[in-house]
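One structure below.
Letters A, B, ... mirror the listed sequences (proteins, then strands); counts begin at 1.
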2 protein chains.
Amino acid sequence: MKEGPDIARVAALIGDPARANILTALMDGRALTASELAEHAGVGLSTASGHLSKLSHGHLVQQRKSGRHKYFQLADGDVAAVLEALMGLASKDGPTRVRTGPKDAQLRTARVCYNHLAGQMGVQMFQSLVSKTVLDEQGADITLTPNGTAFMTEFGIDLDDLRTSRTPLCRSCLDWSERRTHLAGTLGRAMLREMEHKGWLRRDPASRAVVFTSRGKTAFDHCFPVGV
Amino acid sequence: MKEGPDIARVAALIGDPARANILTALMDGRALTASELAEHAGVGLSTASGHLSKLSHGHLVQQRKSGRHKYFQLADGDVAAVLEALMGLASKDGPTRVRTGPKDAQLRTARVCYNHLAGQMGVQMFQSLVSKTVLDEQGADITLTPNGTAFMTEFGIDLDDLRTSRTPLCRSCLDWSERRTHLAGTLGRAMLREMEHKGWLRRDPASRAVVFTSRGKTAFDHCFPVGV
DNA sequence: TGAATGCTTCGGTCATGATCAAACTATGAA
DNA sequence: TTCATAGTTTGATCATGACCGAAGCATTCA
């Protein structure tokens, strides 16, 4: 077998353990340096450099030079979505799951997906926004209603600022632990940032977990009540 | 690097060209024999047998013995969804796309995704059913409305028969060429089968393409008008 | 009971690519 | 300028695993 479908190229790229480690490390949306990623992957710097070059050519990651550092991040949300989907498959792969530890449960309740909130709380927020008619959901198309504009402004988000970006304001993202839609796009990102800014939550620096403060959880539930 | 995340195992499984060929061959939902798959993959029978054993252990395919034949098919819809997602990523991978041929356009309009209709027409059907309130969409949850029961019966589908299965009746599936939801689940499968039975469409035996007859296209547009 | 077909297992060959250390380049700091 | 830090390139080693043909099972058909 020499020439296979393109799908094989991409999958093989993700299929190397070191590269998979790099990609999962980037799943929280942060940009990391080559050395940090080498550390995460558990390989030497030269090896990591080679991997990053391949991931770059495969358009799975994006690079940005800043001084003598080079920062890497996932190319876009689609890559993150594919990784999430693969995790969904892998997690039910037979009894290999030594997982479901305490960390795992925490990821299930709230985690960062690329740059927005995912997990049970991400889904709760989204569904609450839909029933409050802040968002309108038509298939995979999410739009902000006129009603929603006021809500967001009050929440502390500068919509004009967001609209300058060429990436869509609202986007749906499928949650693989919950099998439900949650909010992505620049608005999803802005809301996560705002909640962090309000002090509702804290991002675990070592993982994708998001920890709500008790005050934050209360405010969250008040702002995004379930089953309205 | 020795032990990576589970995601690497799954991705590596898909990442081999021969195995990727096998999986894409199975994307139309049909069950194929080991020899047929060896042919598709372009490798010897013994090699294909080894690959199939690995795919089986990785829970990506399912096997069923029937006489002296052994049939293989994708393990479930989630696998198909991941493959579709990977195709989405691969298709925008730089200028490597010698694709976008006539076959590609045909796949974009209508194709089989695992066992249901996908592509532009799949999306059209789904959206039409939602605006006709045959289906109700809440996030990723799709349900058949009481209204919809009558519609389906008239369409020629025996719902009681479908409900005996333990897999959900309705399920949403994200279309990666259209970036929109379409209908999966046993109902999605039944509708495709019924349309084939009505003679509206014909499945290309060599690919995932679905070709509508001109009469079928007219009936389809009448039954599932766009933008109702 | 053979004979034929479909698939699996085994043994051996071979190519790929992951890895590291060391040399090299580039940027920033002293 | 010189030194230190961050990253890339190169060259060599080595393990993995894809591949095939031949032999081995199993199932059906005669």
Open item on the list: Can you see if the side chain of A:T47 gets near the phosphate of C:dC20 - specifically, an N or O under 4.0 Å from OP1 or OP2?
Closed with: yes
Task: Side-chain-base donor-acceptor pair under 3.5 Å for A:S49 and D:dG7 - done: no
TODO: Apply salt bridge (Lys or Arg N to Asp or Glu O under 4.0 Å) to B:E194 and list each qualifying residue two or more places apart in sequence or on a separate chain.
DONE: B:K198
Task: Length of the line joining A:L37:CG and C:dT19:C1', which is rounded to integer Å - done: 17 Å
Task: A:K70 side chain near D:dT8 phosphate (N/O to OP1/OP2, under 4.0 Å) - done: yes
Task: Spacing between A:L52 atom CG and D:dT8 atom P, to the nearest angstrom - done: 7 Å
Task: Spacing between A:Y71 atom OH and D:dA6 atom C1', to the nearest angstrom - done: 11 Å
Open item on the list: Counting distance alone, no hydrogens or angles: does the base of D:dA6 have a donor or acceptor under 3.5 Å from a partner atom on the side chain of A:T33?
Closed with: no
Task: Distance, rounded to the nearest Å, where B:H69 contributes NE2 and C:dA4 contributes C1' - done: 12 Å
Open item on the list: The side chain of A:S35 is closest to which nucleotide in this list: D:dC19, D:dG7, C:dT8?
Closed with: D:dG7
- [ ] Could you state the atom-to-atom distance from CD of A:E39 to P of C:dC20 in whole Å?
- [x] 13 Å
- [ ] Could you please name the option among D:dT9, D:dA6, D:dG17 that lies closest to any side-chain atom of A:S46?
- [x] D:dT9
- [ ] Find which nucleotide of DNA chain D each of A:F72 and B:A12 is nearest to by heavy atoms, and output the residue with the more 5' nucleotide.
- [x] A:F72
Open item on the list: If the test is side chain to side chain donor-acceptor pair (under 3.5 Å), which one of B:Q124, B:Q120, B:H116 qualifies with B:H182?
Closed with: B:H116
Open item on the list: From C-beta outward on A:D16, which listed nucleotide comes closest to its side chain: C:dC20, D:dG7, C:dA18?
Closed with: C:dA18
Open item on the list: Rounded to whole Å, how long is the line connecting atom CZ of B:R9 with atom C1' of D:dT16?
Closed with: 16 Å
Task: For A:L192, the option from A:R203, A:M125, A:H197 that meets side-chain contact (heavy atoms from CB on, under 4.5 Å) - done: A:R203
Task: Test side-chain contact (heavy atoms from CB on, under 4.5 Å) applied to B:Q62 - qualifying residues, sequence neighbours left out - done: B:Q73
- [ ] Look at B:H51 and D:dC19 and indicate whether a side-chain polar atom (N or O) is within less than 4.0 Å of OP1 or OP2.
- [x] yes
- [ ] Among C:dT19, C:dT27, D:dG17, find the nucleotide with the atom closest to the side chain of B:K54.
- [x] D:dG17
Task: Protein-nucleotide distance (B:N21, atom CG; D:dA18, atom C1'), rounded to Å - done: 14 Å
Open item on the list: Rounded to whole Å, please give me the gap between CZ in B:R19 and C1' in D:dC19.
Closed with: 12 Å
Open item on the list: For A:L13, is there any backbone N or O sitting under 3.5 Å from a side-chain donor or acceptor partner on A:R19?
Closed with: yes
